[in-house]
Amino acid sequence: MSISSETVSEVKTDLLHASISLQKEEDERNQKEDSVRMLKARRAIEDYLEEKRLKRSICDGWDD
């Protein structure tokens, strides 16, 4: 029993499409994770700067 070259070609095409699809999904997942990580970092920086401003304001208020 022999597999025709057309069937082999179809299988290769299906495997290629599956591989491309998996790579695309992985890229999208990585992009989403990077976005979440950047958002957390930005919020942490904003929180730090706000805390710094509040401490400065409190200290300025006590020194008057």
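- Partners of Thr7 under the side chain to side chain donor-acceptor pair (under 3.5 Å) rule, at least two apart in sequence or in another chain, are Ser4.
- Hydrophobic cluster membership of Leu15, counting Ile, Leu, Val, Met, Phe, Trp and Tyr whose side-chain heavy atoms lie under 4.5 Å apart directly or via other members: Val11.
- For the side chain to side chain contact (heavy atoms under 4.5 Å, CB included) test, residues two or more places apart in sequence or in another chain that qualify with Val8 are Ile3, Lys12.
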Let me have the donor-acceptor pairs involving side chains of residues 42-54, under 3.5 Å, with sequence neighbours excluded, atom names and distances please.
from  : atom 1 : to    : atom 2 : distance (Å)
Glu50 : OE1    : Arg53 : NE     : 3.4
Glu50 : OE1    : Arg53 : NH2    : 3.1
Glu51 : OE2    : Lys55 : NZ     : 3.2

Side chains of residues 26-35: which donor-acceptor partners sit under 3.5 Å, not counting sequence neighbours?
from  : atom 1 : to    : atom 2 : distance (Å)
Asp27 : OD1    : Gln23 : NE2    : 2.9
Asn30 : ND2    : Glu26 : O      : 3.4
Asp34 : OD1    : Arg37 : NH2    : 2.3
Ser35 : OG     : Gln31 : O      : 3.0

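- Ile20 belongs to a hydrophobic cluster whose other members, connected by ILVMFWY side-chain contacts under 4.5 Å either directly or through intermediates, are Leu16.
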